[in-house]
Each structure stands twice: as structure tokens, then as C-alpha cells.
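Notes to accompany the following structure.
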Amino acid sequence: TRSTRPQRMLKAVQKNATKGNPESVISAIDYFCKHSEWAMNVGDEKGSILDSVVTEVNPSTVLELGTYCGYSTVRIARLLSPGTKFITLEFNPANVTVARQIIAHAGLQDKVTVVEGSSGDLIPQMKERFGITTFDFIFLDHWKDRYLPDIKLFEECGLLRKGSVLLADNVICPGAPEYLEYVRNSPRYESRYYPAHLEYTTLEDGMEKSVFLG
Ligand SMILES: CNc1ncnc2c1ncn2[C@@H]1O[C@H](/C=C/CNC(=O)c2cc(-c3ccc(F)cc3)cc(O)c2O)[C@@H](O)[C@H]1O
Ligand SMILES: [Mg+2]
């Protein structure tokens, strides 16, 4: 049967990227998406914003929602200090399989744990299963209508501390209007919008960075 887009992306990485070199994995995926097939990776422009926020926060604990093929996972993991606890959640087992291979090609498999499952089920298990008290940095890039329920789940589970940073992709395209309304109007968050473009296109998109105030 016909291969999937994630499988073709993995093949492109294995063919064009140097093993153990995260930058070459990132470039190989961006090249594939620009010249072969568009895919919903955060991409190079928004990826640079992600890089700068991760570097600024220098987190000890990181959570990513929506691994997909592992592109942003590689971008984040390559910047983390040794000993950082990084967990990424993905409920599609085929995507988990591809992401683990792309992360391994970058040589970053020891920096991140790819957990198969749904954020709604796994977020409440973070403390008991992974020994997390709070997350310093959270990247939201899963189903857009789940951003709001999941940020509320973080609050309910006591997984945010004063200064925890949440960065959300696609707040314009496809859009997460309820999430934006919440973080921009809640007194418990200080929010800032980073204008950019939808990955590999000229369409408007952007990322929202929200700091939990406690
Ligand atoms: C709900 N809880 C969840 N828990 C764990 N994993 C979850 C998940 N929801 C979704 N996932 C996984 O995340 C991934 C889904 C991401 C959703 N992202 C998008 O829809 C998206 C979509 C676009 C997009 C933009 C314009 C357009 F025309 C078409 C698509 C651009 C993006 O950057 C996107 O991130 C999949 O791998 C899915 O299996
Ligand atoms: Mg996205």
C-alpha cells in the first residue's frame, strides 16, 4: 500500500541528513516540505521564534503536545542543557514510530521521551508517571481546539508555577480563538503575540507566548 507523508518525510531525512546532526535533520525536513510535500511542521520561520523562546527560558522541564514527526521536538531537544527532562505527547502510533526514528537520526533520543497517548489522559499522569512537579516550558502544537481545555488541565493538575512559559503554534492559522481569548484576558497570564507566517507559505500565522503569573 502507498506510503504516508510522515514515512516519506522520514525517508528524506534518512537519505539527506547526517546522522547525529540535528541541524541537518531540520534542514532536510524543511527542504522536503518546500520542494516535495508541504507538512504541518512548525517550520523555519516560526521555528526560529521557538528556538529563541526555549533559549531564553533555558527550561529544566519541557512538555510538547503533538509530536507529529518530531521536527519541533528536534528543534527543542538540540537546545536543552544536559539533565533537562523533556516529554512529548503523540496519540497516533504511526507518527510515534516516525518521530522516534527522526529524533534518533538527529542523535537526540536520550534527550526526550516520546509518550504515546492523548494529552487529556497523560497530563494528569505527569507527576506520578514521570516525576514532574511543574513544567518550565510547554509547546502547544496539537489539535487547535484542545489548546484551551489542556491549559485548564495544566492549572487543575498544578503543573504550572510562577513564570512557566507556554508557547502556542498556529494561533491565527488554523487558529485557536478561544485559547487566545483566554490567555489574553486572564489575569493569571501575561501574553505576547509573535507574528509570522504559516510554515512554508506566505499566509499569515503567529505564535502566542503566555507566562503563568501564579
Ligand atoms: C488532543 N490531544 C492530543 N494528544 C496527543 N497527540 C495529539 C493530540 N491532538 C493531536 N495530536 C497529534 O498531534 C498532531 C496534530 C497536530 C495538529 N496540527 C494542525 O492541525 C496544524 C495544521 C496546520 C494547517 C494550517 C493550514 C492548512 F491549510 C492546513 C493545516 C498547520 C499547523 O502548524 C498545525 O500544527 C498529530 O500528530 C496528532 O496525532
Ligand atoms: Mg503547528
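Here, residue 1 is the first one in the sequence, and each next residue gets the next number. Read the numbers this way: they start at 1 and go in the same order the structure lists the ligands and their atoms. These numbers come from the heavy atoms of this one structure, side chains and all, not from hydrogens, waters or symmetry mates.
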Pairs under 3.5 angstrom, nitrogen or oxygen on both sides, ligand 1 versus protein: list them out, please.
residue, atom, partner, partner atom, Å
ligand 1, 2 (N), Ser119, OG, 2.9
ligand 1, 4 (N), Ser119, N, 3.0
ligand 1, 6 (N), Phe91, N, 3.2
ligand 1, 18 (N), Lys144, NZ, 3.4
ligand 1, 33 (O), Asp169, OD2, 3.2
ligand 1, 33 (O), Asn170, OD1, 3.0
ligand 1, 33 (O), Asn170, ND2, 2.7
ligand 1, 33 (O), Glu199, OE1, 3.4
ligand 1, 33 (O), Glu199, OE2, 2.5
ligand 1, 35 (O), Asp141, OD1, 2.9
ligand 1, 35 (O), Lys144, NZ, 2.9
ligand 1, 35 (O), Asn170, OD1, 2.9
ligand 1, 37 (O), Glu90, OE1, 2.7
ligand 1, 37 (O), Glu90, OE2, 3.1
ligand 1, 37 (O), Asn95, ND2, 2.9
ligand 1, 39 (O), Glu90, OE2, 2.5

Ion pair [X]/[Y], N-O distance below 4.0 Å:
X: Lys209; Y: Glu56; answer: yes
X: Glu199; Y: Lys46; answer: yes
X: Asp44; Y: Lys34; answer: yes

Environment of the Mg ion (ligand 2) in terms of protein N/O/S atoms, cut-off under 2.8 Å: Asp141 OD1, Asp169 OD2, Asn170 OD1
Check: Tyr147 and Asn170 side chains under 4.5 Å, non-hydrogen atoms: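 Yes; the side chains approach each other to less than 4.5 Å.
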4.5 Å side-chain heavy-atom contact, Glu64 and Val114: no
Neighbour count >12 (heavy atoms, 6.0 Å) for atom OH, Tyr193: yes
same_hphob_cluster(Ile49, Val54) at 4.5 Å side-chain heavy-atom cutoff: yes
CA sep, side-chain torsions, deciding dist, call: Asp145, Tyr179, side chain to side chain donor-acceptor pair (under 3.5 Å): CA-CA 8 Å; Asp145 62 357; Tyr179 174 82; over 6 Å; no
Phe91 and His142: CA distance, side-chain angles, deciding distance, ring pair (Phe, Tyr, Trp, His ring centres under 6.0 Å) verdict: CA-CA 10 Å; Phe91 64 26; His142 58 328; 8.7 Å; no
